[in-house]
S.K.: 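Just passing along the structure, written as structure tokens.
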Amino acid sequence: MAREPKPEYKKIAAEVRKRRKSRGWSQSRLAEHVNVSASLVSYWELAVHAPQLKEARRLDELFGTSGVFAQLWSKSNSESIYPAGSQNAIDFERTAVEIREFHTTLVPGLLQTPRYARAIFKAGRPWASASSLEQKVESRLRRQSVLEVEERPLLWIVLDEIVIRRVLGDVATMKEQLDHLLHLVTEGIICLQVVPLSLRLPPGLSGPFRVFVFSDRPMVVASEYVADDMIIDDDEQVRECATLFGAIQAGALSTSDSFQLVQQVRGELDD
């Protein structure tokens, strides 16, 4: 999968490279000191990823740079239209080999149509200007380029049934969105399961989250809250989230039954 540098990360990338070389360290040696993988350090220096805040602070401590890396982290994140946690999650989408996502209220961003995304942004920020809303929609659509490359991640999507039944925006918007979901399944781009409303105590009551699986680093989790995404990289907590995702899948309809349910709901919108 192509990994393109991000302009807002180039300054912090150059600083990491400069400080590492000044110590005569390899990327592996620096990785050991920061407790990350050598490949992640490589991504930092290529400006594909940026350190998370705790890693930036560790770099400051390690190199005695009195907040230089923390300041660069703040600047690089302020240049994004997304808050820091959400930006990290979006970066993970570009390099993950597998994404397992569960959502209780919305079709996930990677799968949204422009009209559906616009309706969501407008509902969440009714005071926002039209140009601001369009900027957010365009940014969301750019994220979806990850689905167009040959080595796209394997996407396991589990949705609560209310996600496909609630009409967001208007009927035409929802019909288009359900058609898009069906297309993504038919084309083999996603594996979709639906948690039926008949399930009395679904295990996913704690809310939506994503598990990112990488080929060269440990799994991480992004958990949504009202203003941002919380990034979870503690090994035990990540393992618990992965187990929870498995339990949610176990209670969901099969992929074939889920496809039929989406078709049924889509047909009901024509009545």
Side-chain angles (χ1 to χ4, degrees), residues 82 86 89-90 92-93 96 98-126 133-148 152-197 199 202 204-212 221-226 228-229 245 248-249 251-270:
Y82 297 101
S86 295
I90 290 167
F92 295 150
E93 292 173 353
E98 182 179 340
I99 302 173
R100 308 168 192 168
E101 181 158 7
F102 170 64
H103 215 296
T104 55
T105 55
L106 301 172
V107 173
L110 283 178
L111 316 180
Q112 291 174 4
T113 65
R115 291 170 68 179
Y116 186 92
R118 190 173 294 108
I120 289 171
F121 286 130
K122 188 173 182 179
R125 298 178 65 85
L133 291 175
E134 287 309 307
Q135 183 185 25
K136 289 183 176 295
V137 172
E138 289 172 10
S139 180
R140 176 148 298 179
L141 296 181
R142 284 197 298 271
R143 285 172 51 196
Q144 297 177 4
S145 63
V146 72
L147 304 182
E148 299 169 2
R152 60 177 176 261
L154 173 63
L155 282 169
W156 288 99
I157 306 296
V158 184
L159 304 177
D160 192 278
E161 186 176 340
I162 195 64
V163 174
I164 63 172
R165 289 197 175 277
R166 176 182 286 120
V167 175
L168 292 178
D170 54 31
V171 172
T173 295
M174 200 62 199
K175 287 164 66 173
E176 181 182 64
Q177 180 61 69
L178 294 181
D179 283 339
H180 186 55
L181 281 180
L182 293 169
H183 168 75
L184 293 172
V185 173
T186 301
E187 293 298 313
I189 296 174
I190 66 172
C191 297
L192 176 66
Q193 289 179 265
V194 176
V195 178
L197 291 173
L199 192 62
L205 293 174
S206 55
F209 64 96
R210 285 173 281 176
V211 179
F212 296 95
V221 172
S223 179
E224 291 185 21
Y225 64 97
V226 65
D228 200 355
D229 282 77
F245 189 85
I248 294 169
Q249 282 187 300
L253 301 175
S254 68
T255 53
S256 58
D257 287 347
S258 296
F259 186 84
Q260 291 177 6
L261 179 59
V262 176
Q263 284 184 314
Q264 174 190 323
V265 173
R266 168 62 179 82
E268 291 170 358
L269 293 177
D270 283 331

S.K.: What's the separation between atom CG in Leu205 and atom CG in Asp160, rounded to the nearest 0.5 Å?
M.R.: 8.5 Å

S.K.: With heavy-atom distances below 4.5 Å as the criterion, would you say the side chains of Glu134 and Arg118 are in contact?
M.R.: yes

S.K.: With a 3.5 Å distance limit and no angle check, can you tell me whether Asp170 reaches the backbone of Thr173 through a side-chain donor-acceptor pair?
M.R.: yes

S.K.: Nearest 0.5 angstrom please: Ile120 CD1 to Gln112 CD, how far?
M.R.: 4.0 Å

S.K.: Looking at Thr255, Leu110, Ile157, which hits side chain to side chain contact (heavy atoms under 4.5 Å, CB included) with Ile190?
M.R.: Ile157

S.K.: Please name the pair of heavy atoms, one in Leu133 and one in Lys122, separated by the smallest distance, quoted to 0.1 Å.
M.R.: CD2-N, 3.9 Å

S.K.: What do the steps show when you test Val146 against Arg152 for side chain to side chain contact (heavy atoms under 4.5 Å, CB included), and what is the final call?
M.R.: CA-CA 6 Å; Val146 72; Arg152 60 177 176 261; 5.6 Å; no

S.K.: Scan side-chain atoms only and decide if His103 and Glu224 contain a donor-acceptor pair under the 3.5 Å cut-off.
M.R.: yes

S.K.: Where is the tightest heavy-atom contact between Ile248 and Gly204, given as atom of each residue plus distance?
M.R.: CD1-CA, 3.7 Å

S.K.: Is there a side-chain contact between Val194 and Val163 (heavy atoms, below 4.5 Å)?
M.R.: no

S.K.: For Ser254, is there any backbone N or O sitting under 3.5 Å from a side-chain donor or acceptor partner on Ser258?
M.R.: yes

S.K.: Supply the atom-to-atom distance Ser223 OG to Phe102 CZ, rounded to the nearest 0.5 angstrom.
M.R.: 11.0 Å

S.K.: Is there a side-chain contact between Leu192 and Leu159, using heavy atoms and a 4.5 Å cut-off?
M.R.: yes

S.K.: Rounded to the nearest 0.5 Å, what's the gap from CZ on Arg210 to CZ on Phe245? Could you check?
M.R.: 12.0 Å

S.K.: What verdict does the side chain to side chain contact (heavy atoms under 4.5 Å, CB included) test give for Glu138 and Gln135, after you've listed the backbone C-alpha separation in whole Å, the side-chain angles of each residue and the deciding distance to 0.1 Å?
M.R.: CA-CA 5 Å; Glu138 289 172 10; Gln135 183 185 25; 5.5 Å; no

S.K.: Measure the spacing between CD of Gln264 and CZ of Phe259 and express it to the nearest 0.5 Å.
M.R.: 13.0 Å

S.K.: Looking at Leu182, is its backbone amide N or carbonyl O close enough to the side chain of Thr186 to form a donor-acceptor pair, meaning the two atoms are under 3.5 Å apart?
M.R.: yes

S.K.: Can you sort out the partners of Phe212 under ring pair (Phe, Tyr, Trp, His ring centres under 6.0 Å), two or more places apart, ordered by chain and number?
M.R.: Phe92

S.K.: Which atom pair, heavy atoms only, marks the closest approach of Val137 to Ala117?
M.R.: CG2-C, 4.3 Å

S.K.: Could you check if a side-chain atom of Pro196 sits within less than 4.5 angstrom of a side-chain atom of Asp257, using non-hydrogen atoms only?
M.R.: no

S.K.: Can a salt bridge be assigned to the pair Glu161 and Arg165 using a cut-off of 4.0 Å between side-chain N and carboxylate O?
M.R.: yes

S.K.: Whether Glu98 and Arg100 form a salt bridge (side-chain N of Lys/Arg under 4.0 Å from carboxylate O of Asp/Glu) is what I want to check.
M.R.: yes

S.K.: Going through the distances and angles, do Trp156 and Glu101 end up as a side chain to side chain contact (heavy atoms under 4.5 Å, CB included)?
M.R.: CA-CA 6 Å; Trp156 288 99; Glu101 181 158 7; over 6 Å; no

S.K.: Does a side chain donor of either Gln144 or Glu148 reach within less than 3.5 Å of an acceptor in the other side chain?
M.R.: no

S.K.: Rounded to the nearest 0.5 Å, what separates atom CD1 in Ile189 from atom CG in Leu155?
M.R.: 9.0 Å

S.K.: Could you check whether atom NZ of Lys175 has more than 12 heavy atoms from other residues, nucleotides or ligands sitting under 6.0 Å from it?
M.R.: yes

S.K.: Mark yes or no for whether Tyr116, through its side chain, and Val107, through its backbone, hold a donor-acceptor pair below 3.5 Å.
M.R.: yes

S.K.: Just one of Leu261, Leu178, Leu181 clears the side chain to side chain contact (heavy atoms under 4.5 Å, CB included) bar with Arg266, so which one?
M.R.: Leu178

S.K.: Could you tell me whether a side-chain N or O of Gln177 sits under 3.5 Å from a main-chain N or O of Leu111, the two making a donor and an acceptor?
M.R.: yes

S.K.: Do you know which two heavy atoms are closest between Pro153 and Glu93, and how far apart they sit?
M.R.: CG-O, 4.4 Å

S.K.: Where is the tightest heavy-atom contact between Ala96 and Ile99, given as atom of each residue plus distance?
M.R.: CB-CG1, 4.0 Å

S.K.: Identify the two heavy atoms, one from Arg166 and one from Thr105, that lie closest to each other, and give their separation to 0.1 Å.
M.R.: NH1-O, 3.8 Å

